[in-house]
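Have a look at the structure below before the remarks.
All heavy atoms count here, side chains included; hydrogens, waters and symmetry mates do not.
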Amino acid sequence: MDVSVMMGGSQSQLKVGIGRNDANLRDFGLGFSNFGNNDKMLSLRNRVCFSQSRNLRVSDDHAFGFTLRAAHAAGAVIPAENVSADSSSSGASLESIDGIRVFVGLPLDVVSEGSKVNHEKAISAGLRALKLMGVDGVELPVWWGIAQKEAMGKYDWSGYLAVAELVQKMGLKLHASLCFHASSKPKIPLPGWVSRVGEADPSIFFTDRSGRQFKDCLSLAVDDLPIFDGKSPIQVYHEFCQSFKSSFAGFMGSTITGITIGLGPDGELRYPSSHLAAKPNDNPGVGEFQCYDKYMLGQLKQHADETGNPLWGLGGPHDVPNYDQRPSVNTFFKEEGGSWETAYGDFFLSWYSSQLIAHGNRILSHASSTFRDNPVTISGKLPLAYSWYKTRSHPSELTAGFYNTANRNGYEAVVEMFAKNSCRITLPGLDLLDADQPNGSSPQSLLAQIKGTCRKHGVRVSGQNLSVSGVTAGFEEMKKNLSEDNGVVDLFMYQRMGADFFSPKHFPLFTGFIRSLNQLDLGEDDMPQGKGAMKSIQAKLEAQASLQMQVA
């Protein structure tokens with residue numbers, strides 16, 4: 001593995017050399033068998049030995065330089081006339097690079113049942129590669145069903161603590177995602193004691209109008225009900241956060257710099273409106289409302305009675321399509337004259353969305369109070385329900401719980417709730433293009449609307465991609481989104497490490513993406529003076545553009 005910088009016509013070179021005696025990283029010939037639920041193998045045969053990452057100030061004879069994020073490697077060839085670094089007894093002076101902080105998600109099953117750390121050698125190698133590139137840190141999924149598997153109040157953080165220690169030793173930062181939901185791929189269930197309560201009372205789970213349940217997370221209608229031996233889910237979530245804070249106190253603010261709080265299915269603030277939909281096709285369906293468990297129906301009835309419309313509280317809309325059907329199949333989402341524009345439609349959609357926002361507020365307010373005295377950022381994740389965005393009713397957003405239509409900005413109240421709790425929003429889909437979507441869908445327009453609302457209310461955004469992208473256009477769109485945000489997005493969490501991530505098809509594209517985020521930003525102090533100034537600028541740009549990581 002080489003990292004080279006070529007300095008214009010002078011051919012000065014910084015080269016990270018190849019070593020063979022690193023005790024912690026024997027080689028990159030590691031088999032990532034079933035890494036990230038993928039049977040592909042990663043085999044990088046070069047052996048690498050390098051020390052702590054640092055930023056180097058490289059200058060030429062025109063008395064100005066540029067900052068490059070690189071690694072000071074054992075065996076590196078670094079011409080002294082082109083490098084200056086503070087080597088005082090206090091250590092090298094590191095010049096930070098302005099721009100987007102980048103984190104890479106660890107595999108979802110990096111810690112499995114029994115607190116076993118999976119793929120540990122592969123993870124170590126991956127962390128070293130990320131450090132070498134200048135990535136800021138990694139995101140760690142922390143599962144309720146693993147850390148609190150045995151019983152309420154009994155925690156096992158050992159596997160997650162081991163990962164935190166590994167990340168700390170590598171000199172990287174850590175962003176923890178506390179996941180109060182289950183996962184199907186990889187298979188990570190809810191805690192067994194939670195599922196047993198669900199077997200006795202299935203209405204603790206979201207339910208659709210046909211009675212089918214979504215058992216990967218709890219219904220928001222039971223947030224404050226004492227269903228767990230006298231304790232409510234909100235109390236259990238709060239105690240989970242408190243235990244995490246106490247157990248990871250030595251990492252808070254130094255290694256752990258951010259925490260995302262799970263808010264629903266896949267950790268997102270939404271209803272599981274499309275969980276029974278077929279795989280995406282040219283005509284994605286609108287999803288279904290999830291308000292038919294007995295607790296949701298009870299709250300709907302109470303709200304209808306209080307507003308003087310008791311008949312409106314008997315259930316959700318009757319004139320809606322099924323999961324995979326288009327909005328035009330029934331009358332509720334019709335472009336003109338649809339029930340969504342009637343008094344009843346406004347009644348139901350206002351209630352349905354307000355329940356979701358109240359749920360988010362309950363969880364985030366507890367999380368904010370728990371971590372208030374820690375120097376970490378708290379965030380929650382929104383979905384990007386972009387199907388049928390170009391229609392007037394925005395049906396996919398309505399069934400997911402966002403009362404956003406051509407007539408109203410349904411994200412105002414959502415973002416205001418995040419602002420109230422001093423939380424940032426994690427927003428996926430920065431890699432999506434409208435041109436790749438079916439007619440009626442527009443991820444770019446929805447992303448712009450949500451980011452604009454966040455900017456209005458002063459809420460920062462952590463961006464994400466939806467999948468490991470092997471297509472150049474996806475990386476170009478991510479760069480475009482990150483460069484045009486005027487500060488609203490200042491952190492990007494790339495999803496996710498695994499065999500596909502390190503594949504020869506993907507990894508060079510990712511390294512180019514990271515390089516592009518650290519493009520040269522000349523300030524007044526860097527402006528060239530004297531003869532040959534333009535030539536020096538050209539040399540700098542060539543040096544930046546020719547930074548390469550070659551993986552053989």
- prompt: Centres of the H275 and F206 rings: under 6.0 Å?
  reply: no
field: Nearest-0.5 Å distance, CG of residue L482 to CD1 of residue I100
entry: 5.0 Å
- prompt: What about F180 and W143, are their ring centers closer than 6.0 Å?
  reply: no
Minimal non-hydrogen separation, V142 against A176, with atom names: CG2-CB, 4.4 Å
- request: Check whether the side chains of T426 and Q464 place a donor and an acceptor atom closer than 3.5 Å, and report yes or no.
  value: no
- prompt: Less than 4.5 Å apart, any side-chain heavy atom of K420 and any of S365?
  reply: no
Residues S393 and T405: side-chain donor-acceptor under 3.5 angstrom: no
message: Less than 4.0 angstrom from a charged side-chain N to a carboxylate O is my criterion; do D136 and R101 meet it?
response: no
query: Mind checking whether H394 and Y389 have parallel, tilted or perpendicular rings, split at 30° and 60°?
result: tilted
query: Hey, what do you get for CZ (F240) to CG (L178), rounding to the nearest 0.5 Å?
result: 6.0 Å
message: Can a side-chain donor-acceptor contact be found between H238 and T370 if the only test is distance below 3.5 angstrom?
response: yes
task: Dump the intermediate steps for side-chain contact (heavy atoms from CB on, under 4.5 Å) on D500 and F507, then the final yes or no.
output: CA-CA 8 Å; D500 285 337; F507 199 61; over 6 Å; no
field: Atom of G105, atom of R496 and distance for their closest heavy-atom approach
entry: O-CG, 3.3 Å
- prompt: Do H181 and D216 get their side chains close enough for a donor-acceptor pair, meaning under 3.5 Å?
  reply: no
message: Can a donor-acceptor pair be found, under 3.5 Å and without considering hydrogens, that links the side chain of E341 to the backbone of G338?
response: no
message: Looking at every heavy atom in both P107 and I123, which two are closest together, and how far apart are they?
response: CD-CD1, 3.6 Å
Check against ring pair (Phe, Tyr, Trp, His ring centres under 6.0 Å), H303 and F347: CA-CA 9 Å; H303 181 61; F347 159 84; 5.1 Å; yes
- prompt: Under 3.5 Å, side chain of E239 to main-chain N/O of Y237, donor-acceptor pair present?
  reply: no
field: Donor-acceptor pair, side chain of T342 and main chain of S339, under 3.5 angstrom
entry: yes
message: Nearest 0.5 angstrom please: S516 OG to K480 NZ, how far?
response: 14.5 Å
- prompt: Is there side-chain contact between R270 and D266, with at least one heavy-atom pair below 4.5 Å?
  reply: yes
- request: Please name the pair of heavy atoms, one in L269 and one in L356, separated by the smallest distance, quoted to 0.1 Å.
  value: CD1-O, 3.5 Å
- request: Check step by step if side-chain hydrogen bond (donor to acceptor under 3.5 Å, both in side chains) holds for D431 and Y494.
  value: CA-CA 10 Å; D431 54 331; Y494 192 84; over 6 Å; no
task: Would you please indicate yes or no on a ring centroid separation below 6.0 angstrom for F244 and Y160?
output: no
- request: Quickly, which of Y403, F402, Y271 forms a side-chain contact (heavy atoms from CB on, under 4.5 Å) with Y352? Name it, please.
  value: Y271
task: For the residue pair N404 and Q449, establish whether any side-chain heavy-atom pair is separated by less than 4.5 Å.
output: yes
- prompt: With a 4.5 Å limit on heavy-atom distance, are the side chains of V104 and E139 in contact?
  reply: no
- prompt: Is there a donor-acceptor pair under 3.5 Å between the side chain of W193 and the backbone N or O of Q148?
  reply: yes
statement: Tightest non-hydrogen contact, residues L432 and Q444, listed as O-CG, 3.6 Å
message: Less than 4.0 angstrom from a charged side-chain N to a carboxylate O is my criterion; do D490 and R424 meet it?
response: yes
task: With side-chain hydrogen bond (donor to acceptor under 3.5 Å, both in side chains) as the test, would you mind laying out the steps for D319 and T331 before giving the verdict?
output: CA-CA 6 Å; D319 56 341; T331 58; 2.7 Å; yes
message: Looking at D293 and M296, would you say the former's side chain and the latter's main chain have a donor-acceptor pair under 3.5 Å?
response: yes
Electrostatic pair E199:R196 at N-O distance under 4.0 angstrom: no
message: When you measure from the side chain of W388 to the backbone of P284, do you find a donor-acceptor pair of N or O atoms at a distance under 3.5 Å?
response: yes
message: To the closest 0.5 Å, what do you measure between CE (M417) and CD (E412)?
response: 13.5 Å
message: For the residue pair Y411 / E397, report whether a side-chain donor-acceptor contact shorter than 3.5 Å exists.
response: yes
field: Any donor-acceptor pair under 3.5 Å from S353 side chain to L349 backbone
entry: yes
query: Once you round to the nearest 0.5 Å, how far does CD1 of I259 lie from CG of L140?
result: 11.0 Å
query: Are S219 and I204 close enough that some pair of their side-chain heavy atoms sits under 4.5 Å apart?
result: no
- prompt: Counting only N and O atoms by type, is there a donor-acceptor contact under 3.5 Å from the side chain of S445 to the main-chain atoms of S442?
  reply: no
query: Do the side chains of I450 and L427 get nearer than 4.5 Å, heavy atoms only?
result: yes
- request: Please test D224 against Q235 for side-chain hydrogen bond (donor to acceptor under 3.5 Å, both in side chains), starting from the C-alpha separation and ending with a verdict.
  value: CA-CA 8 Å; D224 291 322; Q235 288 175 305; over 6 Å; no
- prompt: How many angstroms lie between atom CZ of R362 and atom CG of D223, to the nearest 0.5 angstrom?
  reply: 4.0 Å
message: For K479, is the NZ atom crowded, meaning more than 12 foreign heavy atoms sit under 6.0 Å from it?
response: yes
message: I'd like to know whether the aromatic ring centres of F332 and W340 sit less than 6.0 Å apart in this structure.
response: no
query: Between the side chains of N439 and K390, is a donor N or O closer than 3.5 angstrom to an acceptor N or O?
result: no
field: D109 side chain to V111 backbone, donor-acceptor under 3.5 Å
entry: no
- prompt: For L509 and F475, which heavy atoms make the closest approach, and how far apart are they?
  reply: CB-CE1, 3.5 Å
- request: Could you check whether the rings of F228 and W144 sit parallel, tilted or perpendicular, using 30° and 60° as the cut-offs?
  value: perpendicular
query: Would you say M133 and L130 make side-chain contact, with heavy atoms under 4.5 Å?
result: yes
- request: Carefully, step by step, assess Q495 and N465 under the rule side-chain hydrogen bond (donor to acceptor under 3.5 Å, both in side chains).
  value: CA-CA 6 Å; Q495 303 299 315; N465 54 312; 5.6 Å; no
message: Does atom NZ (K215) have a neighbourhood of more than 12 heavy atoms from anything else shown, all under 6.0 Å?
response: no
task: Answer yes or no: is there a side-chain heavy-atom contact under 4.5 Å between R460 and I425?
output: no
- request: Decide if the gap between the ring center of F501 and the ring center of H506 is smaller than 6.0 angstrom.
  value: yes
- prompt: Between the side chains of N409 and T453, does any donor sit under 3.5 Å from an acceptor?
  reply: yes
query: Given the rule in the side-chain contact (heavy atoms from CB on, under 4.5 Å) test, do V488 and V461 qualify, once you have shown the distances and angles that lead to the verdict?
result: CA-CA 6 Å; V488 68; V461 171; 4.0 Å; yes
message: For the backbone of P226 and the side chain of S232, can you confirm whether one donor and one acceptor N or O come within less than 3.5 Å of each other?
response: no
